[in-house]
*Asks:* 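The structure follows.
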Amino acid sequence: MKRALIGVMVALAASVGIGTNSATAGEPGGNVAITYYFGADVGAETAANAAVPEIFQGGLNVTAANCPAPSVSVGPGGWQTTLSCSLANGDYTVGIDGLTNRGVRSVGCQDTSNGVEEIDADGADFPILFNSVVCDVFIEPYPTLYIDKNVVNGVATSSDFGLEVFDTDGGTATSTLTDPSGTACDSTGPNGTDCAAIQLEPGTYYLGETSVAGYLPQSLLCTPVGGLDGEQLPTPQFSGVELSLGSGDVLCTLTNEYFTQTVTVDIDVVNDEGGTADGSAFTIEVYDASNTLVASGVDPEPGTGNASLSFVLPIGSYTFGVDGPAGYSSSVVVVEEELPRAQIDDPSAQFTLGRFTTASAVITANDPAPLVTTTTVPPSTVDPNAVLPATGTASSTILMWALAAFFLGSGTVLVTRRP
């Protein structure tokens, strides 16, 4: 619920507009009749009854001391609330409280003492000086932003996309919305059944969405409801949409299209330390951005550069992994191909697919080096010049040599996944 002192032809003035107080208590004055027009839309009757008309003088609310209760009625133009007051001479400002999702589009005051004369005053300021004043205030619902989500190809539906609305400060203007129906909105009269819909205070807003793997936003067309040409906005996540009182609602149609890319990958097994595994022993894996395994396979023709294993994946960000015999360490070189061509030696094995960007990779599995253990032999204590007895008890020193043993190391393959 909002209170507003009404400024010149603006919606819901945020600050108080104060007229100069030239009245003295007890001095003669005149009458003012203020009519607030709410229209005939759904909710207009509720809004007319909830509104609290007010009059301010010198920043003070003087309504209770000078005005009886307002009256609510309905006419050909819709619902309206009227406030009639007897005021002492002075300068006053029209105000209103109790508005919800509605704003003041325009206001004008006239002196009807001797015919009808437009009062030359700012906004809703009017003087009382032995006269009768009539003020008309036109109130309209906040405009509604309708979003129609279109999906081209793939298996996703419009309701799979989270639609977001941001204000100019980057703050979220509303919770995430969804288009509940794949049916196109009617541009002459959209409704909440076929569109995402949100009523917003006048201002500039930006559209965004939560992504679905494989889909790119292709176009955004925003059109005032009921006619006029729309504006093609090329970057949906950062496109400003103007909403204002009196200009009506706005329908934005956001289209996403599904794309895939083919990724090729080879396994190259290096057995230079005595290993015996071949390429068929290794399973190549692909993980998506949420660390979920989305694809796996075995290279049918192991070896660098023959591109024998391929995956068809929705565009997005992924990470390679490998599952194979214990003891082998793995590394990867990923090449993302676009203009210009760039080679990325990325130990995390991450890569991104775009509409015009694919990827290929070579994973190298290297067998471990042998683990060598040696024993140090102490110096001999035997005298090389000693003479052994010819007969009798033999005295000898036995040197014990430790043979070095060779063992193949063991371990596990670390699969690098996206954090």
Side-chain angles (χ1 to χ4, degrees), residues 11 41-43 100-103 140-245 247-260 288-290 292 314-317 352-355:
D41 62 277
V42 175
T100 301
N101 288 333
R102 290 177 184 261
E140 292 186 359
Y142 283 168
T144 297
L145 175 64
Y146 296 95
I147 307 175
D148 188 14
K149 183 67 181 181
N150 288 339
V151 181
V152 179
N153 300 327
V155 297
T157 65
S158 59
S159 60
D160 292 327
F161 293 81
L163 304 173
E164 298 168 324
V165 181
F166 302 92
D167 59 24
T168 53
D169 295 327
T172 305
T174 179
S175 57
T176 301
L177 306 170
T178 57
D179 181 354
S181 169
T183 303
C185 294
D186 182 355
S187 61
T188 60
N191 56 73
T193 301
D194 295 332
C195 316
I198 179 69
Q199 199 173 27
L200 295 168
E201 189 171 353
T204 300
Y205 296 92
Y206 298 86
L207 301 185
E209 65 178 3
T210 56
S211 61
V212 176
Y215 287 86
L216 287 179
Q218 293 301 295
S219 66
L220 175 65
L221 179 64
C222 293
T223 308
V225 173
L228 302 181
D229 293 333
E231 179 183 0
Q232 189 77 34
L233 305 175
T235 52
Q237 286 85 350
F238 305 99
S239 298
V241 179
E242 285 284 346
L243 299 177
S244 59
L245 286 172
S247 296
D249 302 330
V250 174
L251 168 63
C252 290
T253 301
L254 176 58
T255 301
N256 285 63
E257 188 170 355
Y258 182 76
F259 296 97
T260 62
D288 65 13
S290 64
T292 300
I315 59 174
S317 296
T352 299
L353 301 178
R355 183 178 180 184

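In this chain, residues are counted from 1 in sequence order.
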*Asks:* Would you call L207 and L220 a side-chain contact if the rule is heavy atoms closer than 4.5 Å?
*Replies:*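 Counting from C-beta outward, L207 and L220 do come under 4.5 Å.
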*Asks:* Drop me the distance from Y146's OH to D249's CG, to the nearest 0.5 angstrom.
*Replies:* 5.0 Å
*Asks:* With heavy-atom distances below 4.5 Å as the criterion, would you say the side chains of Y258 and I315 are in contact?
*Replies:* no
*Asks:* Per the side-chain contact (heavy atoms from CB on, under 4.5 Å) rule, which among V250, L245, N101, I198 passes with P143?
*Replies:* L245
*Asks:* Check the angle between the aromatic planes of F161 and Y215 and answer parallel, tilted or perpendicular using the 30° and 60° thresholds.
*Replies:*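 Rings of F161 and Y215: perpendicular, over 60°.
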*Asks:* Do you know the tightest heavy-atom contact between V151 and A156?
*Replies:* CG1-O, 3.6 Å
*Asks:* Drop me the distance from K149's NZ to N256's CG, to the nearest 0.5 angstrom.
*Replies:*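 If I round to the nearest 0.5 Å, the distance is 3.0 Å.
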*Asks:* Could you report the tightest heavy-atom contact between L216 and F259, atom names first, then the distance?
*Replies:* CD1-CD1, 4.1 Å
*Asks:* Just by distance, with hydrogens left out, do T144 and Q199 show a side-chain donor and acceptor under 3.5 Å apart?
*Replies:* no
*Asks:* Taking only residues two or more places apart in sequence, or in another chain, which ones meet E164 in a salt bridge (charged side-chain N to carboxylate O under 4.0 Å, His left out)?
*Replies:* none
*Asks:* At what distance, to the nearest 0.5 angstrom, does CG of D148 lie from OG of S181?
*Replies:*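 Spacing of CG (D148) from OG (S181) equals 8.0 Å.
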*Asks:* Testing the basics here: between P314 and G214, what is the closest heavy-atom pair and its distance to 0.1 Å?
*Replies:*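 That would be CB-CA, 3.5 Å.
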*Asks:* Which heavy-atom pair separates T178 from S159 by the least distance, and what is that distance?
*Replies:* CG2-O, 3.9 Å
*Asks:* Would you mind listing every salt bridge (charged side-chain N to carboxylate O under 4.0 Å, His left out) that reaches into residues 170-185, with sequence neighbours excluded?
*Replies:* none
*Asks:* How far does CD1 of I147 sit from CD of E209, to the nearest 0.5 angstrom?
*Replies:* 10.0 Å
*Asks:* With a 3.5 Å distance limit and no angle check, can you tell me whether S244 reaches the backbone of P202 through a side-chain donor-acceptor pair?
*Replies:* no
*Asks:* Specify the closest pair of heavy atoms between T157 and D160, including all atoms of both residues, with the distance to one decimal.
*Replies:* N-OD2, 2.8 Å
*Asks:* I need the S158 OG to L163 CG distance, nearest 0.5 Å.
*Replies:* 8.5 Å
*Asks:* Which atom names give the shortest non-hydrogen contact between L145 and C252, and what distance separates them?
*Replies:*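 Answer, listing the atom of L145 first, then C252: CD1-SG, 3.9 Å.
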